[in-house]
Asker: 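Below you'll find the structure I mean.
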Amino acid sequence: MNYQKINRIIAIAIVWLAASTALHAAGFNARSYIKLASDNTAYLSKRPAAEQRLFRSAVIEKKINEVKLLLAENKYLAWMFENCFPNTLDTTVHYDGADDTFVYTGDIAAMWLRDSAAQVWPYVQFANDDPQLKQMLHGVIMRQLRSIIIDPYANAFNPGPKDDNEWASDITDMKPELHERKYEIDSLCYPLRLAYHYWQVTGDASVFGKEWIDAMQAILRTFREQQRKGGDRGPYHFQRRTDRQFDTVCNGGYGAPVKPCGLICSFFRPSDDACTYLYLVPSNFMAVSSLRKAAEILTKVNANTELAAQCTELADEVSKALQIYAVYNHPEFGPVYAYEVDGFGNHNLMDDANVPSLLAMAYLGDVDASDPIYQNTRRMVWSDSNPYYFSGNAGQGIGGPHIGYDMVWPMSIMMKAFTSTDDTEIRQCIEMLMRTDAGTGLMHESFNKDDANNYTRPWFAWQNTLFGELIIKLIDDGKLDILLQARR
């Protein structure tokens, strides 16, 4: 008997029930939507009825109609875009009408700092044309800053304090506001990336008040604690009673040993799986770029040169350490970036589909796409030299231990397209995404490399919205012909 699979099914059933209960009051029924999302009837709309959508934006509806017209010759792709791009707004956004927005990840009634920032990212470019959309995005940033202040070591939060938190038994310093307390570097970076982007697009600096300063101080303190200088392991520890190896942390909850070298420890990956070696390379790259963005805001908006200097100093230190410790001379691909290192010389040569990943570093802007080490790394991770690269009859791409063998994440295929300059490669990625939707018109968490009908999570808002983001980017980049040529 496969107890791991049974436990996963039970866990999914619990979160579906929680989501259904929480969303029902808003006129949105999670159980009904999961059933709709799983339906493979061709061209059946996967959007809730207009009156049941959790957030509506005229400018987003206008963009959807524009893209549908442009894609009219590729009816299937146009249908997928219309289903996917508004999925976060339609099904996950809970906006109080003022300055607080709670964003579910989809079929789990909790807000991940990473997921929520990525989910609303593609809408920021339209904020100046819709005041309510702009204010809703403002509310996401404020909720994220307040969450970081509550606990910078937490990755996911409840809408409010809960006495019956499903992970309350985790051996860590849990609080009723937390859904989960898996410390991940990227959970602190994504809110900085979103806030900076929002500021650059809208010019609205009102999010950079007291909560911003308090959150930045908490982020800097956390990153310094997790550099583990002077032999201090820091205050964070985590253990869980589980049969999943990657759901808990070894050595009494403090993780594998590291040699302090300037890099920052991350106990968990963006997949919420535990790190093998705690210096997670793509997340450290994201920390560098995020700290530099924060320094610019602190200087230009807050005139807080002292805090800005601390951000810049830490970014410089981590960047220097990455060049020394993160590069491995691969016998086939030459110098590449390792996925994880420990400062002792050990390297974990792999990539995980979840972002930040090695493949996605150019998408995030953490490295230049022309960087020869990145290009070597990109080739390595999309090959059988990456233990989590899978290729089969249905498709090919990168997965990870979160779901396990032979399960490809569409996110990795999207990241390959985002970071490609080869039109043929981009078209192949789009066609693979079209072929592996199991006829549902939506993206999924993962699919089996040999059977796309074997997939996980029918309702995963991040992947859906990311697909919409990719289509818009390709159109903006003059790649419409590629999209029109793509076929299932």
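Because the structure is predicted, anything quoted here is derived from the model rather than measured.
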Asker: Of all heavy-atom pairs between F208 and N302, which one has the smallest distance, and what is that distance?
Answerer: O-ND2, 2.9 Å
Asker: Answer yes if the side chains of R224 and Q310 hold a donor-acceptor pair under 3.5 Å, and no otherwise.
Answerer: yes
Asker: For K293 and L192, run side chain to side chain contact (heavy atoms under 4.5 Å, CB included): C-alpha distance rounded to whole Å, both residues' side-chain angles, the deciding distance at 0.1 Å, then the answer.
Answerer: CA-CA 7 Å; K293 291 179 174 72; L192 303 185; 5.7 Å; no
Asker: With no hydrogens and no angle check, do the side chains of S420 and R427 hold a donor and an acceptor under 3.5 Å apart?
Answerer: no
Asker: Is there a side chain to side chain contact (heavy atoms under 4.5 Å, CB included) between N83 and N464 once you walk through the steps?
Answerer: CA-CA 8 Å; N83 292 332; N464 287 328; over 6 Å; no
Asker: For the rings on F85 and Y123, is their centre-to-centre separation under 6.0 Å?
Answerer: yes
Asker: Is there a side-chain contact between Q144 and E211 in this structure, where contact means two heavy atoms from C-beta onward sitting under 4.5 Å apart?
Answerer: no
Asker: Distance to the ring centre below 6.0 angstrom and angle to the axis at most 45 degrees; does that hold for R193 and W121?
Answerer: yes
Asker: Name the one of F268, Y236, F223 that satisfies ring-ring contact (aromatic ring centres under 6.0 Å, His included) with Y153?
Answerer: Y236
Asker: Which residue pairs pass the ring pair (Phe, Tyr, Trp, His ring centres under 6.0 Å) test with at least one member in residues 277-296, sequence neighbours excluded?
Answerer: F285-Y337
Asker: Within a strict 4.5 Å, meaning less than it, do heavy atoms of the R379 and E332 side chains meet?
Answerer: no
Asker: Minimum heavy-atom separation for T419 to L359, with atom names?
Answerer: CG2-O, 3.7 Å
Asker: Please report the shortest heavy-atom distance between T222 and Y183, naming the atom on each side.
Answerer: CG2-CE1, 3.9 Å
Asker: Check this for me, if you would: do R240 and D247 make a salt bridge, where the nitrogen-to-carboxylate-oxygen distance has to be below 4.0 angstrom?
Answerer: yes
Asker: How far does CH2 of W459 sit from OG1 of T440, to the nearest 0.5 angstrom?
Answerer: 14.5 Å
Asker: Side chain to side chain contact (heavy atoms under 4.5 Å, CB included) with L188: which of I264, I219, L220?
Answerer: I219
Asker: Could you pull out the closest heavy-atom pair between V258 and R228, with the gap in Å?
Answerer: CG2-CD, 3.8 Å
Asker: I need the minimum non-hydrogen distance between V59 and L133, along with the two atoms involved.
Answerer: CG1-CD2, 4.0 Å
Asker: Would a 4.5 Å heavy-atom cut-off, applied to side chains only, mark Q428 and M432 as touching?
Answerer: no
Asker: Taking the side chain as everything from C-beta on, heavy atoms only, tell me whether D437 gets closer than 4.5 Å to Y76.
Answerer: yes
Asker: Report yes if the side chains of M414 and F467 come closer than 4.5 Å at any heavy-atom pair, otherwise no.
Answerer: yes
Asker: Are more than 12 heavy atoms, taken from residues, nucleotides or ligands other than E313, located less than 6.0 Å from that residue's CD atom?
Answerer: no
Asker: Could you walk me through whether Q119 and N87 pass side chain to side chain contact (heavy atoms under 4.5 Å, CB included), step by step?
Answerer: CA-CA 9 Å; Q119 284 169 247; N87 191 247; over 6 Å; no
Asker: So among V120, V207, D99, which one has a side chain to side chain contact (heavy atoms under 4.5 Å, CB included) with I141?
Answerer: V207
Asker: What is the minimum heavy-atom distance between R292 and A315, and which atoms define it?
Answerer: NH1-CB, 3.7 Å
Asker: Check whether more than 12 heavy atoms from other residues, nucleotides or ligands sit under 6.0 Å from atom CD of Q245, and answer yes or no.
Answerer: no
Asker: Verify the distance criterion only: is there a donor paired with an acceptor across the side chains of S266 and S283 at less than 3.5 Å?
Answerer: no
Asker: Name the residue from D352, N354, T276 that meets the side chain to side chain donor-acceptor pair (under 3.5 Å) definition with R269.
Answerer: T276
Asker: Does a donor on one side chain and an acceptor on the other come within less than 3.5 Å for N155 and S187?
Answerer: no
Asker: Any non-hydrogen side-chain atom of Q485 less than 4.5 Å from a side-chain atom of E431?
Answerer: no
Asker: Ignoring hydrogens and geometry beyond distance, is a side-chain donor-acceptor pair present between E184 and Y190 at under 3.5 Å?
Answerer: no
Asker: Would you say the side chains of D204 and Y198 form a donor-acceptor pair under 3.5 Å?
Answerer: yes
Asker: Could you check whether any side-chain heavy atom of L307 comes within less than 4.5 Å of a side-chain heavy atom of M216, counting everything from C-beta outward?
Answerer: yes
Asker: Would the number of heavy atoms belonging to other residues, nucleotides or ligands and lying under 6.0 Å from CZ of F344 be above 12?
Answerer: yes
Asker: Could you list all the ring pair (Phe, Tyr, Trp, His ring centres under 6.0 Å) pairs where at least one residue sits in residues 294-319, not counting sequence neighbours?
Answerer: none
Asker: Among Y388, F390, Y389, exactly one meets ring-ring contact (aromatic ring centres under 6.0 Å, His included) together with W382. Which residue is that?
Answerer: Y389
Asker: Taking the six-membered ring for Trp, is the centroid-to-centroid distance between F267 and F238 below 6.0 Å?
Answerer: no
Asker: Can we say E469 and K473 salt-bridge, meaning some charged N sits less than 4.0 Å from an Asp/Glu carboxylate O?
Answerer: no
Asker: Does some side-chain heavy atom of R488 sit less than 4.5 Å from a side-chain heavy atom of R435?
Answerer: yes
Asker: Looking at CG of L483 and CG of L474, how far apart are the two atoms once the value is rounded to the nearest 0.5 Å?
Answerer: 5.0 Å
